[in-house]
Amino acid sequence: MSAPVTRPGAGRASGLDADLNSELSALVMTPTVRRSVRRSLYWAIVTAGLIVLGVVLLAVNGAAREPRPFGAAETAPVGSRAVVEVLRDAGVEVVEVDRLSAALEAAESAAESPAGAGATLLVADVREILDDTQWPQLLGAAEHLVLVQPSQAALDALRIDALTAGALAVDADDAPVAGGIELAAGCPLPAAQRAESIRADGIGYSTLEGLVCFDAGEAGAGLIRLGEGDGAGSGAGEATGDVSVLGAATVLQNGEITRAGNAALALGLLGEHPTLVWYQPSPADATAPSPAELTPDWLNPLAWLAVLVGLAAAFWRGRRFGPVVIENLPVTVKTTETMEGRARLYAREGSRLRALDALRVGTLRRLAEGLALGRAAGVDDIVTAVVGITGRDAAVVRALLIDREPATDRELVALSDQLLELERLVARRVGLEDFPSGGSGSGTTTTISTSTATEPTGRMDA
């Protein structure tokens with residue numbers, strides 16, 4: 001169904017448009033911030049619910065996290081809180097850090113303390129976070145560096161005389177031995193002598209110049225001491241201080257500390273100095289890969305090839321078509337195209353209220369002109385005049401002209417038809433001959449299409 005509309009008295013409309021648009025700005029049904037917030041309340045509640053659910057899941061996952069091996073505050077069997085607390089009771093100051101810079105700063109502070117007795121720096125990088133540039137910074141940072149099961153890459157980065165040999169607790173068939181194996185000290189290191197023997201599991205290491213303790217044969221030793229102290233060799237390069245490579249690191253864990261001489265070895269090894277810096281690297285120490293490291297090897301040749309092909313194609317096409325000629329052309333856009341374009345935008349974005357506002361402004365303007373109302377007439381004046389001439393209920397007329405809000409495209413089309421019907425009724429009552437009468441007229445003519453609910457109405461009056 002289509003309803004042609006003719007605009008009478010278009011010359012008088014400019015002044016009245018300004019008055020109506022100004023007043024409708026307060027009554028217009030286009031979504032305001034408050035209305036938009038009210039409509040978004042559902043999604044805000046859903047979002048808040050998802051956030052709360054995420055926090056709960058995070059809390060649950062955090063509660064169910066895996067214990068951190070060799071954690072100074074970890075109370076699980078794989079943690080090391082027991083040995084830390086015993087050291088503190090013995091008067092050793094234990095500083096827990098998870099950043100490389102903090103570890104170096106703590107070791108330096110201990111060296112500069114009034115007592116000047118130095119510090120022991122324990123590094124337990126079980127997740128292998130530190131890279132080749134970070135490991136050397138630890139060498140010589142403290143008087144005694146204790147490495148807990150370091151990887152071969154870490155040993156190579158430190159350039160110390162130590163190699164990984166194999167697993168300590170395995171049988172003749174290379175099967176793991178539950179509970180570890182018992183190893184005798186076998187070296188003059190005081191801490192090892194006091195322990196006499198340990199029962200532990202872990203990684204064995206070998207060395208040519210260092211002191212070997214708790215030797216497990218081909219599997220390597222549970223402890224290697226490098227440096228000048230305690231009769232050890234100078235396998236720690238040019239760095240000062242001693243370096244202990246502790247492969248039998250289970251002696252530090254809560255679940256194994258009471259077995260054999262594990263506690264004596266742990267306390268003797270870590271309690272040599274009044275300060276112990278317990279450093280476990282965190283992801284914050286991880287270095288991000290550079291763009292060059294992330295770029296595959298084939299990408300650069302392919303990019304250069306694409307550039308060369310593009311230049312060749314541009315040169316070829318440029319010679320074929322000649323130079324570019326700039327020509328200024330007049331551009332004319334029909335009013336109907338602009339109107340239909342706006343209508344399609346409203347339809348695509350679902351802006352029913354904006355479309356209805358445009359229709360209502362046009363209807364009110366034409367009603368005011370048809371009723372010969374002055375420029376100062378407002379919306380209420382128009383409503384009153386329409387009610388007076390048509391005899392309709394004032395609330396119904398006001399709802400049609402201002403208050404009703406369409407929920408669907410079908411309701412929007414129905415409201416548009418009712419606005420046209422009201423205009424025709426007023427025109428008949430005031431005796432306007434050129435007011436729209438259902439299919440023909442002169443002047444500017446627009447139509448409303450009801451063939452589909454989503455098609456633009458084709459009538460944009462403002």
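Throughout, numbering of the chain's residues begins at 1 and tracks the sequence.
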With a 4.5 Å limit on heavy-atom distance, are the side chains of [X] and [Y] in contact?
X	Y	answer
Thr363	Leu401	yes
Leu425	Arg392	yes
Val92	Thr120	no
Leu252	Leu246	yes
Tyr205	Leu155	yes
Ile224	Asp161	no
Pro283	Arg127	yes
Leu100	Leu138	yes

From CA spacing to verdict: side-chain contact (heavy atoms from CB on, under 4.5 Å), Val84, Leu276: CA-CA 9 Å; Val84 169; Leu276 171 62; 5.7 Å; no
Member of Arg344, Glu349, Arg342 meeting the side-chain hydrogen bond (donor to acceptor under 3.5 Å, both in side chains) criterion with Tyr346: Arg342
Rounded to the nearest 0.5 Å, how far apart are [atom1] of [X] and [atom2] of [Y]?
X	Y	atom1	atom2	result
Leu373	Leu367	CG	CG	9.0 Å
Leu50	Ile45	CG	CD1	12.0 Å
Asp417	Leu422	CG	CG	12.5 Å
Glu128	Leu130	CD	CG	10.0 Å
Leu364	Leu359	CG	CG	11.0 Å
Thr250	Asn262	OG1	CG	6.5 Å

What are the two closest non-hydrogen atoms of [X] and [Y], and how far apart are they?
X	Y	value
Ala165	Ala219	CB-O, 3.4 Å
Pro67	Val78	CB-CG2, 3.8 Å
Asn254	Ala76	ND2-O, 2.8 Å
Ser244	His144	OG-NE2, 2.7 Å
Ala368	Ile382	CB-CD1, 3.8 Å
Ala103	Tyr279	CB-CG, 3.7 Å

Where the side chain of [X] meets the backbone of [Y], is there a donor-acceptor pair that is under 3.5 Å apart?
X	Y	value
Asp125	Pro150	no
Gln149	Gly247	yes
Gln134	Asp131	yes
Gln137	Thr133	yes
Gln152	Thr164	yes
Glu143	Ala119	yes
Asp381	Gly378	yes
Trp135	Asp156	no

Partners meeting side chain to side chain donor-acceptor pair (under 3.5 Å) with Thr275 (sequence neighbours left out): none
Those residues that, when tested against Thr408, pass side chain to side chain donor-acceptor pair (under 3.5 Å) (two or more places apart): none
Any pair counted as side-chain hydrogen bond (donor to acceptor under 3.5 Å, both in side chains), so long as it reaches residues 95-108, sequence neighbours left out: Arg88-Glu96, Arg99-Asp285
Test side-chain contact (heavy atoms from CB on, under 4.5 Å) applied to Gln418 and Arg404, step by step: CA-CA 12 Å; Gln418 293 173 18; Arg404 286 183 61 183; 3.2 Å; yes
Working for side-chain contact (heavy atoms from CB on, under 4.5 Å), residues Leu147 and Leu158: CA-CA 11 Å; Leu147 305 176; Leu158 290 170; 3.4 Å; yes
Identified salt bridge (Lys or Arg N to Asp or Glu O under 4.0 Å) partner of Glu423 from the options Arg366, Arg429, Arg428: Arg366
Worked verdict on Leu419 versus Arg360 for side-chain contact (heavy atoms from CB on, under 4.5 Å): CA-CA 8 Å; Leu419 289 173; Arg360 280 170 169 168; 4.0 Å; yes
